[in-house]
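So the structure is just underneath, and the comments pick up after that.
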Amino acid sequence: MEVVLATGNAHKAKELEKILSPHRVLIPADLGIDFDCEETGTTYLENALLKARTLAALTDKPVIADDSGLSLPALGGAPGIYSARYGSQEAGRMLEAPERNAFLLKNLEGIDDRSAFFVCSMVLLISEYRIYTVQETLDGRITENQSGTGGFGYDPVFYLEDRKMTVADLSEEEKNRLSHRGKAGAKIKLLLDSLAL
Ligand code: ITT
């Protein structure tokens with residue numbers, strides 16, 4: 001099947017293309033669609049639905065949306081649904097990922113509990129009343145220093161105890177097998193497989 005991903009994040013699109021293969025993942029720009037969605041929801045699921053519905057109003061193709069982020073119990077769940085914007089208020093501009101990671105490491109100075117988890121809420125919208133949702137997580141802890149060049153976002157500071165490396169140190173295949181997005185996408189892929197029959 002061919003689906004359109006409601007995102008402006010090229011890294012997500014690249015990951016999802018592999019996760020959902022052989023289904024084809026288009027981005028709005030491929031269809032000449034200028035996609036923009038204000039994320040006003042209070043949960044990952046609300047924001048994913050908002051993105052999916054906003055794009056569905058602009059295309060007849062099946063739509064997928066992903067709302068994801070990083071949560072730390074020691075920070076009361078922050079940055080959570082505000083993960084993409086974390087630190088931008090303090091800086092007066094959107095931060096690049098390495099700057100955002102540095103901001104997080106600074107905020108954790110002196111805090112012992114560095115446990116963290118990623119969340120990915122994924123929505124497959126076939127039509128207005130045919131909607132499937134999946135939400136998955138990945139547990140880990142925040143490192144002292146950034147490490148690795150793979151993945152995107154918080155991957156260089158997200159350490160996996162059992163793999164003894166950060167998510168940014170994993171291969172693409174490993175990240176997709178273990179990650180919040182990989183696990184959510186694998187279930188959405190099963191749905192696409194069955195719908196394509
Ligand atoms: P779209 O809304 O356009 O899809 P976005 O980057 O704004 O793109 P989100 O609102 O879902 O996406 O914010 C997710 C942020 O959480 C993202 O920018 C990263 O900083 C972080 N994030 C999500 N998944 C991640 C992953 O697999 N690895 C590292 N960081 C991740």
Side-chain angles (χ1 to χ4, degrees), residues 5 7-20 38-48 51 65-122 134-188:
L5 181 62
T7 191
N9 182 332
H11 296 284
K12 273 188 191 176
K14 190 170 153 257
E15 281 188 8
L16 217 57
E17 211 168 358
K18 294 246 163 78
I19 295 165
L20 298 182
E38 208 188 331
E39 297 178 27
T40 54
T42 56
T43 64
Y44 292 107
L45 181 55
E46 273 177 31
N47 280 336
K51 290 186 229 186
D66 160 320
D67 198 63
S68 44
L70 175 77
S71 273
L72 277 81
L75 300 181
I81 58 168
Y82 305 110
S83 291
R85 297 169 245 174
Y86 190 51
S88 58
Q89 210 170 351
E90 291 79 353
R93 62 177 170 86
M94 286 294 277
L95 297 180
E96 298 293 329
E99 300 175 300
R100 215 163 41 222
N101 289 335
F103 180 74
L104 174 63
L105 294 181
K106 185 143 188 35
N107 283 345
L108 287 180
E109 279 172 9
I111 296 179
D112 288 336
D113 177 11
R114 300 177 80 92
S115 63
F117 57 92
F118 277 122
V119 180
C120 173
S121 201
M122 204 176 285
V134 180
Q135 188 163 297
E136 283 286 1
T137 58
L138 172 64
D139 289 325
R141 74 170 166 83
I142 304 302
T143 50
E144 306 285 341
N145 298 296
Q146 306 196 37
S147 167
T149 54
F152 68 97
Y154 296 95
D155 287 343
V157 293
F158 195 91
Y159 187 82
L160 301 172
E161 297 293 353
D162 49 349
R163 298 304 323 277
K164 306 222 174 325
M165 59 177 76
T166 68
V167 175
D169 285 319
L170 297 175
S171 67
E172 271 179 23
E173 292 72 22
E174 277 179 303
K175 177 177 177 187
N176 288 344
R177 193 163 48 78
L178 302 173
S179 80
H180 49 308
R181 181 168 302 100
K183 289 185 285 189
K187 292 180 179 75
I188 294 287

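Not measured: the values here are computed from a predicted model. All heavy atoms count here, side chains included; hydrogens, waters and symmetry mates do not.
At least one donor-acceptor pair under 3.5 Å links the side chain of R100 to the backbone N or O of A84. Checking side-chain atoms of D155 against main-chain N and O of T166 turns up no donor-acceptor pair under 3.5 Å. Within the 3.5 Å criterion, the main-chain N or O of G77 finds a donor-acceptor partner in the side chain of S71. Checking side-chain atoms of R114 against main-chain N and O of T143 turns up a donor-acceptor pair under 3.5 Å.
The NZ atom of K12 lies 4.0 Å from the CG atom of D66; values are rounded to the nearest 0.5 Å. Between the CG atom in D169 and the NZ atom in K175 there is a gap of 12.5 Å [rounded to 0.5 Å]. How far OH of Y44 is from CD of E39: 11.0 Å, rounded to the nearest 0.5 Å. To the nearest 0.5 Å, atom OG of residue S179 and atom CG of residue L170 are 9.0 Å apart. Summarising the geometry, atom CG belonging to L5 is positioned 8.0 Å from atom CE belonging to M122; distances are rounded to the nearest 0.5 Å.
Considering every non-hydrogen atom in both C120 and S68, the closest pair reads CA-CB, 4.0 Å. Taking every heavy atom of both residues into account, G151 and E15 meet most closely at CA-OE2, 4.3 Å. Counting all heavy atoms, side chain and backbone alike, T43 lies closest to E46 at OG1-N, 3.0 Å. Looking at every heavy atom in both residues, T40 comes nearest to N47 through N-OD1, 3.6 Å.
The 12-atom threshold is exceeded at CD of E161, counting heavy atoms of other residues, nucleotides or ligands nearer than 6.0 Å. Within 6.0 Å of the CG atom in D112, the count of heavy atoms belonging to other residues, nucleotides or ligands does not exceed 12.
When side chains are defined from C-beta on, T149 does not count as touching P156, because their heavy atoms never get closer than 4.5 Å. I111 places a side-chain heavy atom less than 4.5 Å from the side chain of L75. Considering only heavy atoms from C-beta on, L70 comes within 4.5 Å of L104 through its side chain. When side chains are defined from C-beta on, L178 counts as touching R163, because their heavy atoms get closer than 4.5 Å. Put simply, the side chain of L138 reaches to within 4.5 Å of the side chain of L160, judged on heavy atoms.
A donor-acceptor contact closer than 3.5 angstrom links the side chains of D113 and S115. T7 and N9 form no side-chain donor-acceptor contact under 3.5 Å, judged by distance and modelled atom types alone.
Every residue meeting the ring pair (Phe, Tyr, Trp, His ring centres under 6.0 Å) condition with F118, not counting sequence neighbours, appears here in chain and number order: F158, H180.
In this structure, F152 and H11 have parallel ring planes: the angle between them is below the 30° cut-off, well short of the 60° mark.
Looking at K106 and E90, no side-chain N of the basic residue comes within less than 4.0 Å of a carboxylate O on the acidic one, giving no salt bridge.
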